[in-house]
Structures are given as structure tokens and as C-alpha cells.
Protein chains: 2
Amino acid sequence: MPTSADVARLAGVSRATVSYVLNNATAVRISEPTRQRVQEAADELGYVPHAAARSLRAGHSRMVLMPTPTMPMGALYSHVFNELQWALRRLDYTVVQFGSLGMSGDEAARAWAELRPVAVLAPGDGTLTPRGVHVLKRSGAKAVVTLGPQRVEGAHALLMDQRAVGRCAGAHLLDRGRTRIGVVVPREPGYETFSAPRLAGLRAATETRADARVVPLELGYDEPSAAELVARWRQLGLDSVFAYNDEYAMLLLRALQDAGVDVPGETAVMGADDLLLGRLLRPRLSTVRMELPSGQRLAELVDRAVRDPAGAPEVHPLLGTEAVPREST
Amino acid sequence: MPTSADVARLAGVSRATVSYVLNNATAVRISEPTRQRVQEAADELGYVPHAAARSLRAGHSRMVLMPTPTMPMGALYSHVFNELQWALRRLDYTVVQFGSLGMSGDEAARAWAELRPVAVLAPGDGTLTPRGVHVLKRSGAKAVVTLGPQRVEGAHALLMDQRAVGRCAGAHLLDRGRTRIGVVVPREPGYETFSAPRLAGLRAATETRADARVVPLELGYDEPSAAELVARWRQLGLDSVFAYNDEYAMLLLRALQDAGVDVPGETAVMGADDLLLGRLLRPRLSTVRMELPSGQRLAELVDRAVRDPAGAPEVHPLLGTEAVPREST
DNA sequence: TTGAAAGCGCTACCAA
DNA sequence: TTGGTAGCGCTTTCAA
């Protein structure tokens, strides 16, 4: 494995000179012939600098760490994520995703801290604790930013309050004259951080209405599970259902139709996330659209936080939500 | 930022002792009181070891690097990926995803090489070149494994030949007596690596049939684009269409039905990926199911390659495919 | 314009 | 059982 010393030897110069040349050091002027000899030597050896050694020496890195999401990213989130990566790269950061599957919050924070990232962009879903934030900061992280429903002491927060989604759905259904509302809660593990606040939001929306009733409904993401739920549908006495998201809504919609339940006549069905696929159904699915922040904006927040580590944690409520009425409600 | 020297000072021992205690060194026996003093000092200071320093000293790391996928991962791939991460962690590797958005193949390989990963698991879609593999190996990567349609000189390969998907679809449609076959090619950038081989595979399946005709059809992932395509549907004179995947198939199916084209009577529609959502349509969507390798198996290949870096590159053809006939063909 | 050398944080060898 | 210390690859200050 070639090191800068090897390059120096081959070029007949010192390691210092190699470093100057390869980093385009402006403070030092290196003669053109020397510069070329070094470049050629580096190319010939296939020299690649050692990031760990470099950041060890420098005392800091430009690494922005994000935990790998456990759930499959939707197209929307995936888009924002790509934007974010672009924007951070333009600001000369390196984005690294770190798989923390099956670690507790504090374990994960420690594992991240070992990498000495300059910034951490973590989910704001309760896995990261104030202790975790403290560990990260002590280890040199200039900025810790959470992105999700909850904020964490000491960290900047981009609040995406999923309750707003539920509230929005609830308001729309009440608006349509529906009062006996089922709320689908996915049975699959890992969805609680989204489904619980969505349910809570819907509850909040119906709170002022004495005649309203909210019934949580467990549903697994498969047809037998939907059939089972629908088999006891009429006993439930619901006139509408908020199905967690468009995918569960589509699953439920088909099952309801197969059971002869008229949608929206007998039961209104509402999804969330505004997937294209939901628009393709008959009836077209009503949904809640969320507006995610632009990747550019996230990147700017991260950069600002890195440049001013002492600044007070910023808390940005994001996630504009909007009901999109279509044919299913 | 506390270092092991700080811990040593606080505990009143040497840095060596700190290292022994915190790494549970078996070759050395440390007395229980000392051990405790060190632990307490480390806890009190919130000491977290410095991964870069450690791997610099050790001369190697246990990092497995994967480029962050640009496209949103489907639920299937996402599942395999989670499995893989679990399995690698059990084997004591650290999985890190690195965003290489907007870098050329060789730039990306260099950027990866700077991190000195012990293994790289890259997409086998042509971005990684033999030069790239060489750079990675020179920089100490014990294993380079590609996962995708193409293999690369010098790297292990898990071949997922997307042509098999097209072949499978073609065979099924011919079987159903269809001979004038449209093939949807997504207009969105980034899909070529999948769509091109799927188209090629379908062409291959029809090659022996003189009466068969294959017509590529560009389609954007939105309703206007689908409407536009369908407006000239009858001029195209097709009796079937392989729609790239289930999502595009769903889009097209709705547009065809809106235009009064009977499916499957007038035109058979076939998707791929076997999404649950495709099963929910009327008619239920016929599709091609792919069998992905288990994450466990991928992890084992990586581990084997790391342990025997000199071994000849293994090439595993994966991706069993199977037509799933439902109502749309 | 170039070179010598210190030192980032850590571990492992050798000595006490 | 513990401590001293060299050295991983790199950058940067100081000297030549």
C-alpha cells in the first residue's frame, strides 16, 4: 500500500513536498518540475491519501453522519435525501450513512462518536437521547440535528410532527360529515414512530366533537390480514377510515370492495403521502400530502450549526400538510 | 475532547493500561481495582475511543463500504439490505454507506479508497471499472464485490441479470398467444441499468419467433405521460405490454382502461417485482417475481472474500425469476 | 524552494 | 501487573 513516503522516494523529494503538491498548498510555492515529478510518482504508484491519518492530524473531519434508515424510503424522502447529499457535497462535506440496526440509542451514539463526525443528522424519533447528544458533542461533533417528530435537549431540531398528518385527515373526514373513524395502525414493527403520532393527531382533531368516535385498527401489510379486518367491518360501525398511508389504504380499499362495502358511500377511505399509485384507483384515493423541506435547506442548517457550534439550538417546525380530497371520501 | 491519556491521568495509570482495560486485552492480566479505576475514569470523562486513530495504528479496519443507492429502494431490496447489515455486524464488520452522487466511477472509487475499507460492496452496473477495482485493492481493500447486472474484472460478482426478467416476461406473453409486444422504458434518468437489460431479455425471448414484434415505449412516471402514450395506443397495434415494473404497469393499466382498452382482452399488461399493490388492481396484475439472495448469503461471501483475498473472484449468478400469472395477461 | 521533525490518538512490544 | 515507547500516515511549523 503506497504511502506519501513512497511517492516522495520515487519523486526524489521529501514527504512535505508531496503533501504540498497533492493538496495544492497555496502558502508554499513549489517549482513546476518538482510538482510534475510528484504528480507522476503519485499516479504511477496509484497513491490514495489515507483519510483517517489526515483527519487524525487535522484534528477534525468534514464527515456528516446519518444513520441508515431502517424502513424503505419512499420516493419523496429519497428525493430529499439525494438533494441533501448534493447540497452538503457542494459545501465540502462528506456524507456517510452508518447502519445502527439493532443498537440502543446510546450504543449507537457511541458508535457514531467513534467516527468523530463534524455533524450528525439523526432521526428525531426518540432513539437519540440527551445523553447521546452529550456524548457526540464531547467527541467533537459541532452539530447534532434531529429530523423527526421529537426534539432532543441540546440538539437542533427539524420537527416533522406526524400528528399534523392525523389532524389533517381528521379535519377532512369531519368536514365530509364522517364521525365514526377507524384509524389503521400497521402491525409491522418499526412503524410506531409514525403511526402513533398520526393516530394521536386524528384523535386531537376530533376532540371538540362529542359525537365523534375513533377506533384504532391493527392491520398487517398483506391481503389475509385485510380480509380478516374487513370480515368484521360492519360490526365496527364505522363510516370512515384513515389508513395510515396510501399503501395500507389501497390494501384496505380493495378488501372493502371485495366484501361489498361501498367506498365512499358506506365508508370513506383516506390515505397519506400522496403516492401516484393511490391516484390510479377507482375511486381515486383521497390523501394527505406532506411538504418536506428542501435538501438545500437542511444542508444550510447543518452548515450553519457547524460554523456556530455555540449557537442556541434552532427548532424548525416543518412539514406543511394538506388534505387532497379525491374520490374515496 | 478526552483522550486515553486523560483517562490514564485521571485513573493514575499509564495509557497502556487504559488500552488494556478498555479493550479487554486477554494477553495481559490487570488487577480488578485498577480495572475499576480505569472504567470509572473513562465513564466520568465520557471517553469514546477514536476510530481513525485505532485503525491507523492497527493498519486495517473492519469497515464494509457500500455506495448509497441513488434510486429509492423497494421494500424487497430494503429487506435484503437490512439482513445484510445484521449478518455483517454479527461477523464484526461495520457497514457504512457512502454517498457518491455525481461522481464518476473512478472518482468514486478513489473516494472510497481514502476510507481504507476492508471490503467494498458496489453496484455492478458499470460505474465501477477494473481501474477502480485496482485502486481499491491497492488501498488495502481485501474484497471488492459487485452486485448487479455486470461483472468487473478483478472483483467478485453477484450477478443479477435483469435480462432474465425480460426473458421471463416475454416467454409468458408468448405463451399467452401474444406476439406484438410493447416494452415500457422509463423516461426517468437512472433507470437505464435496469430497463435496458429487461428490454434486451424480452427481445431475446422473442427472437425465435418470426411472427413476434417488440416495440419500446418511453413512459414518464406521471398520468399525463401515460395518457399521451395511450392516446396513440391503437395505432401501435400491440396486443400486450411489458411495463418495466409493477408501478409503471399500474400507471399504464389505469390509462388504458380510461381510454376504453380492455385488459387483458385487447391488451395484456405485465409488470415486474411482484408488489403487493399490483395484486390489488382489477384485473390483478401479472408480474415477474425475482428471488433475491439472502443477506446472510451476501455477508458470507463478503467474509469469505476478506479472509481469502488471493482467492479467484467468485461469480454467482443469482436472481431466480418466475412469471406470476394473474388476471391482466 | 525544499527538508527535517513533531505530533494527532491509539495499541502492542518489551522491560521493569 | 504495569509503564515506557515506537510508530501507523499525514500535515505543518520552523530552519536551511
Side-chain angles (χ1 to χ4, degrees), chain A residues 1-39 41-42 45-63 110 113-118 138-140, chain B residues 1-39 41-42 45-63 110 113-118 138-140:
Chain A
M1 269 167 47
T3 71
S4 77
D6 297 321
V7 177
R9 199 157 24 238
L10 183 59
V13 298
S14 76
R15 288 157 65 220
T17 307
V18 170
S19 177
Y20 293 141
V21 172
L22 297 183
N23 295 304
N24 287 314
T26 48
V28 194
R29 305 219 69 73
I30 303 285
S31 69
E32 200 46 46
T34 308
R35 190 175 286 280
Q36 254 181 34
R37 279 214 316 286
V38 170
Q39 276 295 359
L45 293 176
Y47 169 74
V48 176
H50 192 305
R54 175 179 287 176
S55 71
L56 181 58
R57 167 66 224 231
H60 61 258
S61 75
R62 298 281 292 171
M63 187 197 303
R110 250 186 80 94
E114 292 193 2
L115 300 181
R116 299 291 192 272
V118 68
R138 287 217 57 139
S139 80
Chain B
M1 271 167 44
T3 72
S4 77
D6 297 321
V7 177
R9 201 157 23 237
L10 183 59
V13 299
S14 74
R15 288 154 66 220
T17 306
V18 170
S19 176
Y20 293 143
V21 171
L22 296 183
N23 296 304
N24 287 315
T26 48
V28 193
R29 305 220 68 76
I30 302 285
S31 69
E32 200 45 47
T34 308
R35 190 175 288 279
Q36 254 181 32
R37 278 216 316 288
V38 170
Q39 276 295 359
L45 293 176
Y47 169 74
V48 176
H50 193 305
R54 175 179 289 175
S55 71
L56 181 59
R57 167 67 226 231
H60 59 87
S61 74
R62 298 281 293 172
M63 186 197 302
R110 248 187 82 96
E114 291 194 2
L115 299 180
R116 298 292 192 271
V118 68
R138 286 216 59 139
S139 80

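In what follows, every heavy atom counts, from backbone to side chain, and hydrogens, waters and symmetry copies are set aside. So that the names make sense, note that chain A is the first sequence line, chain B the second, and so on, each numbered from 1.
- Across the protein-nucleic acid pair, B/L22 atom CG and C/dG9 atom P stand 16 Å apart, rounded to whole Å.
- Whole-Å rounding puts the B/R54 CZ to C/dC8 C1' distance at 16 Å.
- Separating the NE2 atom of B/H50 from the P atom of C/dC8 is a distance of 12 Å, rounded to the nearest angstrom.
- Distances shown here put a side-chain N or O of B/S4 below 4.0 Å from the OP1 or OP2 atom of C/dC10.
- Between B/R37 atom CZ and D/dT1 atom C1' there is a gap of 12 Å when expressed in whole angstrom units.
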Please step through side-chain contact (heavy atoms from CB on, under 4.5 Å) for the pair A/V118 and A/H60, ending with a clear verdict.
-> CA-CA 7 Å; A/V118 68; A/H60 61 258; 6.0 Å; no
Tell me, for nucleotides 2-7 of chain C in 5' to 3' order, what letter each nucleotide earns: B for a base near a protein heavy atom under 4.0 Å, S for only sugar-phosphate near one, - for neither?
-> BBB-BB
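- One can place CG of A/D6 at 11 Å from C1' of D/dG9, the figure rounded to the nearest angstrom.
- Rounding to the nearest 0.5 angstrom, the gap separating the CZ atom in A/R54 from the OG atom in A/S19 is 8.0 Å.
- At least one donor-acceptor pair under 3.5 Å links the side chain of B/S61 to the backbone N or O of B/R116.
- Whole-Å rounding puts the A/H60 NE2 to D/dT12 C1' distance at 13 Å.
- Contact between the side-chain N/O atoms of A/T3 and the OP1/OP2 oxygens of D/dG9 is not found at any separation under 4.0 Å.
- Under the salt bridge (Lys or Arg N to Asp or Glu O under 4.0 Å) criterion, B/R138 pairs with no residue, sequence neighbours left out.
- Between the P atom of D/dC8 and the CG atom of A/L56 lies a distance of 13 Å, rounded to the nearest Å.
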Candidate pair B/D6 and B/L10, rule side-chain contact (heavy atoms from CB on, under 4.5 Å), full reasoning = CA-CA 6 Å; B/D6 297 321; B/L10 183 59; over 6 Å; no
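- At distances below 3.5 Å, at least one donor-acceptor pair connects side-chain atoms of A/R37 with backbone N or O atoms of A/A11.
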